[in-house]
Amino acid sequence: MTSRRDFLQTASALAAAGFVPRALSAHPLAEAPGGARGGASTVRARPCVVSSANGLRGVKVAYDRIIAGEDPLDAIIAGVNIQELDPDDQSVGLGGLPNANGIVQLDASCMHGPTRRAGAVACLEDIATPSLVAKAVMDYTDHVLLAGPDARRFALELGFTPQNLLTEKSRQDWLRWRARLNPRDMYLDYDGDIAIKFHTGTINMNAVTAAGDVASVTTTSGMAWKVPGRVGDSPIVGAGQYCDNTVGAAGSTGRGEANIKACGAFLAVEFMRQGVAPEEALLRVMQRVIAMTEDRLLGENGRPRFDLQFYALSKDGRFAGATAYEGASFAVCDEQGARLEKCAYLFKASERPR
Ligand code: ASP
């Protein structure tokens, strides 16, 4: 076990040496205090990785790592790092769409089934891989969630490298959004096509190993143009992601405000604990979300005006994605390879309120 004093001394030495965080999971420091790699269950399961659709590349990376014997949380974090570091994915990490002030603020959380531990960061600026910072909170502190400038300071102390996360493309989108915000403000109106009012996007990834160990992670730049300081569901353990090594894992993407009130990921795992299959569990969660939704966000037909997707994976390797409306998909990788599958849904697309 690495003591905190040892860790901090080593971490500052690493920081001074320009330590790059992407190597964190490969470094001896990543061997979590308490033995993160211990506690494997004796159950034989079907190894599987499930994620939001933007994780199609990541589920393959994570699956291959799991098959090679890697810890499931390290494997899925490597999977989501692909989107976090991809400047073209405007919903996660580098290149994420900024808040109302033009600042990229990131949220992430993760959970490790075998050790029953969790970590999270909210409103993190300047660090492209909040999933790794969330895991560092889990591994090296007695806490679960760090937020804002102190989360950034914590990451820097550990050797994460700060960088400007606002790409030119995202900056231009933000400028166009701002120019159309208010006809009486000091900015010139932009006449081009920008249909981005509330733009969401995130990556959630869940895994189960052959030994039946599960893990989950969610990382996001959150809702575009959000009020600075807004925290979505992604860093909220039990909302944006959750896992229980005796049951399985679940997570979400989409309108976080709707999910937080239903504790969606936790609820999905609880339904599965009661013996409900993953698909049915997620549809029940979606129904609960709608039941908890305020009228202004529902159409006259009672259908939600927002998008929210859930993903679940049971300890024995069954999986599903589900959402309110027909047409969404999710990514999965198992012995049949990486692919997109259709989400289960409650309503036809034509039932979506205008
Ligand atoms: N769930 C994320 C949030 O509310 C956004 C998204 O998934 O699109 O911050």
Side-chain angles (χ1 to χ4, degrees), residues 25 32 34-41 43 45-52 55 58-59 62-63 65-66 70-80 107-120 131 134-135 137-139 144-145 202-220 233-253 259 262-279 281-282 285 309-322 330-334:
S25 64
R37 316 204 180 237
S41 100
V43 172
R46 195 168 146 262
C48 185
V49 182
V50 169
S51 86
S52 43
V59 289
Y63 182 79
R65 285 173 177 245
I66 284 168
E70 191 165 316
D71 177 83
L73 183 53
D74 287 336
I76 56 178
I77 286 179
V80 301
D107 296 338
S109 65
C110 65
M111 216 164 163
H112 186 247
T115 54
R116 303 180 297 281
R117 292 184 306 142
S131 62
K135 183 169 186 291
V137 172
M138 180 185 101
D139 283 346
V144 168
L145 172 59
T202 294
I203 182 164
N204 162 248
M205 195 172 288
N206 311 286
V208 62
T209 68
D213 285 333
V214 297
S216 49
V217 63
T218 299
T219 172
T220 190
D233 58 335
S234 305
I236 307 298
V237 173
Q241 59 77 38
Y242 190 76
C243 79
D244 181 323
N245 220 44
T246 65
V247 179
S252 76
T253 60
N259 182 31
C263 303
F266 176 79
L267 188 59
V269 171
E270 284 310 293
F271 283 138
M272 292 196 292
R273 186 193 307 281
Q274 293 162 20
V276 179
E279 181 174 303
L282 296 185
V285 171
Q309 297 82 29
F310 290 103
Y311 317 92
L313 178 58
S314 65
K315 185 177 175 69
D316 58 8
R318 290 171 296 149
F319 58 85
F330 66 99
V332 60
C333 191
D334 55 15

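- Among all heavy-atom pairs drawn from L313 and V208, the shortest one is CD2-N, 3.5 Å.
- Between F330 and F319, the ring planes lie perpendicular to each other; the angle is over 60°, past the 30° to 60° tilted range.
- Considering CG of L73 and NZ of K135, their distance stands at 6.0 Å, rounded to 0.5 Å.
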Problem set entry | From CA spacing to verdict: side-chain contact (heavy atoms from CB on, under 4.5 Å), N245, D213 | CA-CA 6 Å; N245 220 44; D213 285 333; 2.8 Å; yes
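- Side-chain contact check for Y311 versus S51: every heavy-atom pair is 4.5 Å or farther apart.
- Across every non-hydrogen atom of S109 and A134, the tightest pair is CA-CB, 4.1 Å.
- For the pairing with T220, the side chain to side chain contact (heavy atoms under 4.5 Å, CB included) check across I203, T202, V80 returns one residue only, T202.
- Proximity of M205 to V59: side-chain heavy atoms (C-beta onward) are separated by under 4.5 Å at one or more points.
- Residue R116 qualifies as open at atom CZ: its count of foreign heavy atoms under 6.0 Å is 12 or below.
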Problem set entry | Test side-chain contact (heavy atoms from CB on, under 4.5 Å) applied to E270 and V247, step by step | CA-CA 8 Å; E270 284 310 293; V247 179; over 6 Å; no
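- Taking both residues in full, the closest heavy atoms of A268 and A281 are given as O-CB, 3.9 Å, listed atom of the first, atom of the second, then distance.
- You'll find the side chain of V49 reaches within 4.5 Å of the side chain of I76, heavy atoms only.
- For the side chain to side chain contact (heavy atoms under 4.5 Å, CB included) test with T218, the passing option among N206, I236, N204 is N204; the others fail.
- Side chain of R65 to main chain of E70: no donor-acceptor pair is present (N/O by atom type, distance under 3.5 Å, no hydrogens or angles).
- Looking at Q309 and L282, their side chains never come closer than 4.5 Å, going by heavy atoms from C-beta outward.
- Interatomic distance, D71 CG to H112 NE2, rounded to the nearest 0.5 Å: 3.5 Å.
- The two residues A265 and G240 have their closest heavy-atom pair at CB-C, 4.3 Å.
- Nearest heavy atom pair, residue S216 against residue A250, reads CB-O, 4.4 Å.
- Between the K315 side chain and the G212 main chain, a donor and an acceptor come within less than 3.5 Å of each other.
- Of the possible donor and acceptor atoms, one in the side chain of N259 sits under 3.5 Å from a partner among the backbone N and O of G264.
- Note that CG of D107 is 12.5 Å distant from OG of S131, once rounded to the nearest 0.5 Å.
- Residue V217 comes nearest to C110 through the heavy atom pair CG2-CB, 3.9 Å, listed as atom of the first residue, atom of the second, then distance.
- Distance check, rounded to the nearest 0.5 Å: CG of L267 to OG of S252 gives 12.0 Å.
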Problem set entry | Full working for side-chain contact (heavy atoms from CB on, under 4.5 Å) between C48 and V332 | CA-CA 7 Å; C48 185; V332 60; 3.8 Å; yes
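- Atoms CZ and CD, on R318 and E279 in that order, are 11.5 Å from each other to the nearest 0.5 Å.
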